[in-house]
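One structure is given below, encoded as structure tokens.
Computed from a predicted model, the values in this text were never measured in an experiment. Quick note on labels: first sequence line is chain A, next is B, and so on, each numbered from 1. Just the heavy atoms: all of them, side chains too, but no hydrogens, waters or symmetry mates, feed the values below.
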Protein chains: 2
Amino acid sequence: MPLIATPQSQHFADALPLQSGAALRDYSLSFETYGTLNAERSNAVLICHALNASHHVAGVYEGQANSEGWWDNMIGPGKPVDTDRFFVIGVNNLGSCFGSTGPMHANPDAPAGSGRVYGADFPVVTVEDWVNAQARLLDALNIQTLAAVMGGSLGGMQALSWTLQYPNRVRHAVVVASAPNLTAENIAFNEVARRAIVTDPDFHGGHFYEHGTVPKRGLRIARMIGHITYLSDDVMNEKFGRQLRKAVLGSADGYKYSTQDVEFQIESYLRYQGDKFAEYFDANTYLLITRALDYFDPARAFGGDLSQALKRATCKFLLVSFTTDWRFSPKRSREMVKALLDNQRDVSYAEIDAPHGHDAFLLDDPRYMGVVRSYFDSMAHGAAPTVGSAVRAAFSKSDEVTSVGATL
Amino acid sequence: MPLIATPQSQHFADALPLQSGAALRDYSLSFETYGTLNAERSNAVLICHALNASHHVAGVYEGQANSEGWWDNMIGPGKPVDTDRFFVIGVNNLGSCFGSTGPMHANPDAPAGSGRVYGADFPVVTVEDWVNAQARLLDALNIQTLAAVMGGSLGGMQALSWTLQYPNRVRHAVVVASAPNLTAENIAFNEVARRAIVTDPDFHGGHFYEHGTVPKRGLRIARMIGHITYLSDDVMNEKFGRQLRKAVLGSADGYKYSTQDVEFQIESYLRYQGDKFAEYFDANTYLLITRALDYFDPARAFGGDLSQALKRATCKFLLVSFTTDWRFSPKRSREMVKALLDNQRDVSYAEIDAPHGHDAFLLDDPRYMGVVRSYFDSMAHGAAPTVGSAVRAAFSKSDEVTSVGATL
């Protein structure tokens, strides 16, 4: 029997002060919950999403086949994050285009009756702002303390930020395929994607809704760039290599000799991904979310000293990285592990030798799933989480991480 | 006294048959020469250029300060490729926008008197076509055999192709920061850049000249993507890191909180590079050159067996790669080294531990310069080229390449 998901919405009348100095008033958050909150209200797990995902984390919608949540392989009855034990909450972030208040919603500061949407006037939101909004949702749900906060990629940044902004409200943080900030190269890829969107003539300075246009050209380019950075060179070669989409018959090399037609399979794949994305994603949301990524940098206020920055975190941690992830490489996870150990925090770390690049965090690698399952199992049994043999088995090489903490 | 360069042009009346089956008639090649051809006509070195370069390889133009050729640090009197000994030829490839016949030139098949330029009708040209055109230029210069053919990146592909198409006309090939073909990821980056250009409304299907437009938005995006792949993550972090272009005074974190303004130095750098490129580079040339990169694959006709493909090469080789080059990584150079050794060819190989990524092939690393100098010195003295100690010193780590060939 599949898990049935039911989207909900929570309205907030009090303005949310933002890191930028602006404020967001009269906003809503879309969310879903799976499983049952126990009597002690102590088994809640908050899932934070990355760039193009939403509050629909697990299960399917009634009567809608193929509507699985984006982390349905990880979360559900009997799954690594077991909804028979945990009360799991998926929440959509502010600025998104999937339900929570965002650029496509009416701007309360617009002239009355104009019905004008925010568009480019939606305020810049940060990871910290998202976490504050999520904390208000927990208040509304009457949940004081999370058993765990968990996320991958940008979601992992939110999980980390939870441990710094609300150290007393989190017992465990699971930070997967993430980083303590973006590198110059990460920012560079975001910037090219943003320029492609902003310079699309259909963008109209972010107020394209009023013009009845959508900057699809820019969104396509942004998504194609994104996809390249989600995959590893290895997996791209394995999946696509230099295969032609359709070799020309009777030609010695099969080439069409065209600069504009699709020639290679990889081109076809990227164009398809770009086209699909441009149909459903909002351009202003893309700008907002990539900027939230750029800005996140908890060590910034400590002169770049991550160990100082993470001193505030008191919960236990599981970090996971993937060897072929070049977007958020294992090196970045190790920086976080080191900074936590510098503060004598309880950290488990698994570096999974998976070929799939950054995308691996959404895939079904059994070692990865096993590590997360062990961690949550120990948590459910009230034991000090120790993922022991599962983590050790997951290590592919003997490098500095093997010496990390007692729980390894 | 600086080397003074003088651009020349050679017209070809005979049509050039192209790999695609098309032909190019009535074309010219721009070229420059430096140094003096000896009486035996045996000291010629051909330099092949990469994506955005030209025949202006070395020296300066009379009366024009800051007009140094693109490989002026490598080529000139007393330089690693010493023009006091060698007669060096720089040639601009067909399809370029820097002098040789290309998309901006009159299309001889257009109605007489229309003055219509090729634009998108310029035929697709390949590395093999370029090499054939270069061979005709050598015929015109009455040079039968090259002392060496040399190039970096796409230029290295041409150098390799010379050894396969004209094995009897090359004594040495110097292949720097190159690859025997593009990976799926390489093709993917090219494809995103092409889509940015082709979907720019100012592109007009490649006939933008007639519309008085230039697809600058697309060219900017293409160049920004290119720049990211030319640099290493390390050098980007070192040069730009997370530095802001201009921190906001009186703000705790210095952020402006804007999705569209420049916030980080890396953004400013990339925008500047994109703007500059869009002012001088031709969009159709960009498509043609990236396609030539995509198509190059000498092993293709041998079922992917590079050793079989390189059997035809009989000359001596120097290959150089750079440890942080992720566009054309050392692994790709080692594939070529291995394939040449499988055929008992004489190969020297240096893997330079440089932080600059792919760009390193244009920079002044003393170990790199030393390796090339030694190789050309030995060549000039008629000795079997052995770069011996220079190459050994250049190796940064003990991996499989240290076992490469007698000349190491």
Side-chain angles (χ1 to χ4, degrees), chain A residues 18-22 120 123-124 126 181-185 187-189 191-192 194-196 198-201 205-206 217 220-221 224-225 227-228 231 233 236-237 239-242 251-253 255 257-260 263-267 270-271 274 284 287-288 290-291 294-295 297 300-301 326, chain B residues 18-22 120 123-124 126 181-185 187-189 191-192 194-196 198-201 205-206 217 220-221 224-225 227-228 231 233 236-237 239-242 251-253 255 257-260 263-267 270-271 274 284 287-288 290-291 294-295 297 300-301 326:
Chain A
L18 303 174
Q19 204 179 341
S20 64
V124 169
T126 63
N181 63 22
L182 293 197
T183 62
E185 188 184 82
I187 298 173
F189 279 119
E191 171 67 1
V192 183
R194 280 191 298 263
R195 294 311 290 165
V198 166
T199 63
D200 184 328
R217 300 180 201 87
R220 286 191 196 106
I221 297 295
M224 291 169 86
I225 293 170
H227 257 277
I228 298 176
L231 300 178
D233 193 22
M236 265 202 205
N237 280 331
K239 273 174 101 161
F240 307 105
R242 296 183 50 82
S251 143
D253 47 29
Y255 291 155
Y257 292 103
S258 164
T259 57
Q260 296 186 36
E263 184 78 271
F264 296 92
Q265 285 287 10
I266 181 68
E267 298 174 311
L270 286 178
R271 288 197 195 186
N284 284 306
L287 303 186
L288 288 166
T290 54
R291 254 321 186 210
D294 291 355
Y295 282 140
D297 189 9
R300 189 172 178 82
W326 60 280
Chain B
L18 303 175
Q19 205 178 338
S20 64
V124 169
T126 63
N181 62 23
L182 294 197
T183 63
E185 187 185 83
I187 297 173
F189 279 119
E191 172 66 0
V192 183
R194 280 191 297 262
R195 293 312 289 166
V198 166
T199 63
D200 183 330
R217 301 179 201 87
R220 285 190 196 106
I221 297 296
M224 290 170 86
I225 295 169
H227 257 276
I228 298 176
L231 300 178
D233 193 23
M236 265 203 205
N237 280 331
K239 273 175 100 161
F240 306 106
R242 296 183 49 82
S251 143
D253 48 28
Y255 291 156
Y257 292 102
S258 163
T259 58
Q260 296 188 36
E263 185 77 271
F264 296 92
Q265 284 287 11
I266 181 68
E267 297 174 311
L270 286 178
R271 288 196 195 186
N284 284 306
L287 303 186
L288 288 166
T290 53
R291 254 322 186 210
D294 290 356
Y295 283 139
D297 189 8
R300 188 172 178 83
W326 60 280

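Rounding to the nearest 0.5 Å places CZ of A:Phe240 at 11.5 Å from CD1 of B:Ile187.
Proximity to chain B is limited to the side chain of A:Arg194, based on heavy atoms less than 4.5 angstrom apart. Heavy-atom distances place no part of B:Thr290 under 4.5 Å from chain A, backbone and side chain included. Interface residue B:Leu182: backbone and side-chain heavy atoms are both found under 4.5 Å from chain A. Interface residue B:Arg300: only side-chain heavy atoms are found under 4.5 Å from chain A. Both the backbone and the side chain of B:Asp294 come within contact range of chain A, judged by heavy atoms closer than 4.5 Å. Interface residue A:Arg271: only side-chain heavy atoms are found under 4.5 Å from chain B. Looking at B:Val192, the atoms closer than 4.5 Å to chain A (heavy atoms on both sides) sit in the backbone and in the side chain alike. There is no contact between B:Ala301 and chain A, counting heavy-atom distances below 4.5 Å.
Interface remark: of the candidates A:Arg242, A:His227, A:Arg220, A:Gln265, A:Arg242 forms the most heavy-atom pairs closer than 4.5 Å to chain B. In terms of heavy-atom pairs under 4.5 Å with chain A, the best-connected choice from B:Leu288, B:Val124, B:Asp200 is B:Val124. Most heavy-atom pairs under 4.5 Å with chain A: of the set B:Pro123, B:Pro201, B:Ala196, this distinction falls to B:Pro201. Between chain A and the options B:Asn181, B:Thr259, B:Asp297, the largest number of non-hydrogen pairs under 4.5 Å is found for B:Thr259. Counting heavy-atom pairs under 4.5 Å between each of A:Val198, A:Thr126, A:Leu18 and chain B puts A:Val198 at the top.
Residues B:Arg195 and A:Glu267 are not paired through a salt bridge, judged by the lack of any N-O separation under 4.0 Å between the basic side chain and the carboxylate. Ion pairing between a basic and an acidic side chain is recognised when a charged N comes within 4.0 Å of a carboxylate O; A:Glu263 and B:Arg291 show no such pairing.
The heavy-atom pair separating A:Ser258 from B:Tyr295 by the smallest distance is N-OH, 3.1 Å. B:Ala184 approaches A:Gly241 most closely through the heavy-atom pair CB-O, 3.4 Å. For the pair A:Arg217 and B:Thr199, the tightest heavy-atom approach, listed with the atom from each and the gap, is CD-O, 2.8 Å. Shown here for A:Ile228 and B:Glu185, the closest heavy-atom pair between the two residues is CG2-CG, 4.0 Å. Across all their heavy atoms, B:Ala188 and A:Leu270 have their closest contact at CB-CD1, 3.5 Å.
Below 30°, between 30° and 60°, or above 60°: for A:Phe189 and B:Phe189 the angle between ring planes is below 30°, a parallel geometry.
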- request: Under the side chain to side chain contact (heavy atoms under 4.5 Å, CB included) rule, what do A:Thr183 and B:Met236 come out as? Steps first, then yes or no, please.
  value: CA-CA 8 Å; A:Thr183 62; B:Met236 265 203 205; over 6 Å; no
Worked verdict on B:Ile266 versus A:Glu191 for side chain to side chain contact (heavy atoms under 4.5 Å, CB included): CA-CA 9 Å; B:Ile266 181 68; A:Glu191 171 67 1; over 6 Å; no
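Contact check for A:Gln260 versus B:Leu287: side-chain heavy atoms found under the 4.5 Å cut-off.
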